[in-house]
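Heads up, the thing below is written out as structure tokens.
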Amino acid sequence: MNCQVCRERLSEYLDGALDAAKIVEVEAHLAACVDCRETSHAIREGIQAVADLPAIEPPTGFTRRVMNRIRKENQKPTLWHALFYPIRIKIPLHATALLLIAGLAVYLYQIDQPLQRMVDREEPALEKKERLLEPSENRPKFRNDITTKNLRRESSLQEKTKESNEAIDLRKRAVSPPASDIAESDKKDLRAQSELTEKVVSFSDVMLTLLFDGPADKEEQFLQKIADLARGLGGEPIQQELKASATGRASFRIPRKHYGRFKEEIAVLMRIESETDISSSRRLNPPPSPLSEAEKSLPSIITVMIEIKEAP
Amino acid sequence: MSHHLINQDENDEREWVQKVQKGEIDAFEVLVQRYEKQIFNLLYRWLGDYDEAAEGAQEVFLAAYRSIRMFRGEARFSTWLYRIAINHAKNRRRRIAARRERTVSLERAYPEEGEAPSADLPDGGLDPEQTTERKEMQVHVHHSLNRLKPEEALLILLHDLQGLPYEEMAQVLNLPLGTVKSRLHRARMALKKKLTPYYTATREGI
């Protein structure tokens, strides 16, 4: 055994964690090598010095203070708390707002469509008018009008294409190969879910609201950690949106069976303020398209939206 | 100082955790009492400041209570609690560092090592028979730990102060067992480097 190997094993040797054969080797080397013997001695002194540090008593009344804070936290039923407490799954204000906004968006989109059709129908009529008015000096004005209208229509079309491109991007990302240690079955589930997602992109199953108490610039690192966590559990991140001062949102797809673990790991990193089962509200307000059989049964992959708020 | 619990308490502990999960707030008191000293001492040695440790330890237990429903008993409760404590302490370290940076840039006259981690150390923990020399030694060890890289100090504290076995350290830190062993060794070598001059000086009576 040379000095380097011996030194690498010294810590374990001193902890009594080596097997008998290795102990013999290390001891033989120590008997022969003064340098390693000194190193071993110095490490041992260090270990002892740390072990000898006196145990310091926590401040008096530590437990009482902790328990007081916990009890206080538990007995402040606000109006909202009182209102929603009987419901097993609490629906916080922001989740309700989110659903309302989604509903409003669908509504606006629908009332927009008849308008579009009206514009389509309008055009030939205008052209007729144009022909009728051909000799008049009003004609260029009409042309302008039509150009503006067409432009407007084009830009709205472009916007729509952009939107659908984004949706395709999202789907592409969703289908992209997930982390290495994902189980085969999870992969299949994921693919099935990805197809599903094409129909219901904007709906999450669960929303977790987290309170972030670290510095704002560490939030991205934190989201990165959650993304790694999701990948490690056979899921994947879908989208992420960081805002100013430690707030942000991100969505992840997680195998349902690993969701508990996912939550537990997050709880180590950050305080989970609330957990909302959005899928049940989704059932209350189903999206306009009829649900397929696969969607009705519990999907094995769930989508988790994470919302981060700054801790007060 | 090895507060580490042995297996026989584990079942009992699981019961207390379940009680808390069912909403019995008082059951949490048992868990706080059981771990307050460990968590507080880890934070005190790692952060190097008594008040920060006291405040930090409180936050750790609050955080644990708030998310105890997420704890599913796959690991030991202590492992989970340590993970919360370390994560919390990391954030706190960053804040302390940022604050210190501001103070230093404002008052450059202060030397870098002016933190004096043991200046605020209450006498309660010290044995009255301890010689001044021994006290000095402890202060020196405390300082040396604080001058190591935070990750190195943490490994040493978890193993040599708190008595966590390699396996539990691996779980707490989410690292492979081999990595824990090699990093602990490297950390001890770093501490040795800081302590050796002091030992040599003491032995030579300087």
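Values in this document were obtained by computation on a predicted structure and should not be read as measured data. Below, read A as the first sequence line, B as the second, and so on, with proteins coming before strands; counting in each chain starts at 1.
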Out of [options], which one racks up the most heavy-atom pairs below 4.5 Å with chain B?
options                    : value
A:E8, A:R7, A:R69          : A:R69
A:I266, A:L14, A:L269      : A:L269
A:R9, A:K263, A:M67        : A:M67
A:I43, A:L10, A:T39, A:I47 : A:I47

Kindly give the heavy-atom pair with the smallest separation between [X] and [Y], and that separation in Å.
X     : Y      : value
A:S11 : B:Y166 : O-OH, 4.1 Å
A:A49 : B:V141 : CB-CG2, 3.6 Å
A:E57 : B:Y50  : O-OH, 3.3 Å
B:W80 : A:V268 : NE1-CG2, 3.5 Å
A:A42 : B:T196 : CB-OG1, 4.4 Å

### Query
CZ of B:R93: more than 12 outside heavy atoms within 6.0 angstrom?
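Enclosed: over 12 neighbouring heavy atoms sit under 6.0 Å from CZ of B:R93.
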#### Entry: Salt bridge present between B:R83 and A:E265 (N-O < 4.0 angstrom)
yes
### Query
Should the pair B:E29-A:R71 be classified as a salt bridge under the 4.0 Å nitrogen-to-oxygen rule?
yes
### Task
Look at the side chain of B:D160 and the backbone N and O of A:A51, then say whether any donor-acceptor pair between them is shorter than 3.5 Å.
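No; judged by distance alone, with no hydrogens or angles, the pair does not exist.
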### Heavy-atom donor-acceptor pair, A:E264 side chain to B:R72 backbone, under 3.5 Å
yes
To the nearest 0.5 Å, what is the distance between [atom1] on [X] and [atom2] on [Y]?
X      : Y      : atom1 : atom2 : value
A:D52  : B:L161 : CG    : CG    : 10.5 Å
B:F61  : A:I70  : CZ    : CD1   : 9.5 Å
A:E275 : B:M70  : CD    : CE    : 5.5 Å
B:E36  : A:T63  : CD    : OG1   : 3.5 Å
B:N174 : A:K225 : CG    : NZ    : 10.0 Å
B:L195 : A:Q48  : CG    : CD    : 12.5 Å

Side chain from CB out, backbone as N, CA, C, O: work out which of these in [X] comes under 4.5 Å of a heavy atom of chain A, or both, or neither.
X     : result
B:A63 : neither
B:F28 : both
B:I86 : neither

Please rank [options] by heavy-atom pairs under 4.5 Å with chain A and give me the top one.
options                      : answer
B:S182, B:A53, B:S67         : B:S67
B:L184, B:I84, B:L191, B:L62 : B:L62
B:E74, B:K90, B:H159         : B:H159

### Query
A:L53 versus B:Y44: any side-chain heavy-atom pair under 4.5 Å?
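No, every pair of side-chain atoms sits at 4.5 Å or beyond.
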### Query
Under a 4.5 Å heavy-atom cut-off, does chain B meet the side chain of A:R64, its backbone, both or neither?
neither
### Query
Would B:V32 and A:F62 satisfy side chain to side chain contact (heavy atoms under 4.5 Å, CB included), going step by step from the backbone distance to the final call?
CA-CA 9 Å; B:V32 179; A:F62 178 86; 4.2 Å; yes
#### Entry: B:R66 vs A:L211, side chain to side chain contact (heavy atoms under 4.5 Å, CB included): CA-CA, chis, key distance, verdict
CA-CA 12 Å; B:R66 286 168 186 153; A:L211 290 182; over 6 Å; no
